[in-house]
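In what follows, a single structure is set out as structure tokens and then discussed.
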Amino acid sequence: MKWRFLIILVIFGVVFCGYKRLTYSPYYVASSTFTINSSITSENSNTYIENATANQMAKSFPYILKSGAFKEVLAQDFGLQSVPGTIEAEVMENTNLFTLKVTAKIKNDNV
């Protein structure tokens, strides 16, 4: 009885691994986190105003990067019909830290 169970378990394992191998789809992820600073320079510059400006700019970037117009320009720069991946842009709450993440499937006919 133990041998039958072991053989069935091995068969299921081989079938599962074969299925995963055939349906595997590799993808590439690139991400970057950076800060956004305002470049207000004057003798009477106010740090609070500079930070508020940087925070507002950081909140605007996700909308710009996710817009259709940006994706069209990006696709044209690469000579493509459309962007072959997804773009995610996020701002950490109450900071000027900005994270950009791009995910795309890798097209490889040899896999």
Side-chain angles (χ1 to χ4, degrees):
M1 188 69 170
K2 291 180 184 180
W3 286 105
R4 288 183 196 168
F5 179 73
L6 184 61
I7 291 172
I8 291 172
L9 189 63
V10 168
I11 289 172
F12 279 128
V14 169
V15 170
F16 180 75
C17 288
Y19 171 76
K20 284 298 185 183
R21 173 71 175 129
L22 292 175
T23 60
Y24 176 72
S25 179
Y27 63 94
Y28 179 77
V29 177
S31 66
S32 178
T33 301
F34 50 93
T35 61
I36 299 174
N37 296 320
S38 64
S39 60
I40 301 172
T41 57
S42 68
E43 293 177 14
N44 299 328
S45 96
N46 185 343
T47 305
Y48 176 76
I49 293 173
E50 290 178 12
N51 287 338
T53 304
N55 287 338
Q56 186 60 38
M57 288 171 40
K59 289 178 184 176
S60 302
F61 279 166
Y63 297 109
I64 295 169
L65 293 175
K66 291 180 182 180
S67 72
F70 176 75
K71 290 180 182 180
E72 287 176 15
V73 170
L74 186 63
Q76 286 177 355
D77 284 348
F78 286 112
L80 302 170
Q81 296 291 342
S82 64
V83 177
T86 58
I87 299 172
E88 298 175 31
E90 179 181 18
V91 178
M92 294 182 79
E93 198 65 34
N94 297 323
T95 68
N96 61 342
L97 292 175
F98 182 77
T99 301
L100 178 64
K101 180 179 176 183
V102 179
T103 306
K105 288 186 177 180
I106 297 173
K107 293 182 181 179
N108 187 354
D109 296 332
N110 297 330
V111 175

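Bear in mind that the values here come from a model prediction, so they are computed numbers and not experimental data.
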Gap between atom CD of E88 and atom OG of S31 - 0.5 Å precision: 10.0 Å
Shortest non-hydrogen contact between K105 and S25, atoms and distance: CD-OG, 3.8 Å
Joint hydrophobic cluster, V83 plus V29, side-chain heavy atoms closer than 4.5 Å: no
Value rounded to 0.5 Å, distance of CH2 in W3 from CG in L6: 6.5 Å
Which atom of A104 lies closest to which atom of P84, heavy atoms considered: CB-O, 3.6 Å
Atom pair NZ/OG1 of K71 and T86 - distance to nearest 0.5 Å: 7.5 Å
Same cluster (ILVMFWY, side-chain, under 4.5 Å), L80 and I87: yes
ILVMFWY network linking L22 to V14, side-chain heavy atoms under 4.5 angstrom: no
Same apolar cluster: F98 and L74, side chain cutoff 4.5 Å: yes
Test item: L9 and F12 side chains (from C-beta on) under 4.5 Å apart, heavy atoms: no
hydrophobic_cluster_shared for Y24 and F16, side chain cutoff 4.5 Å: no
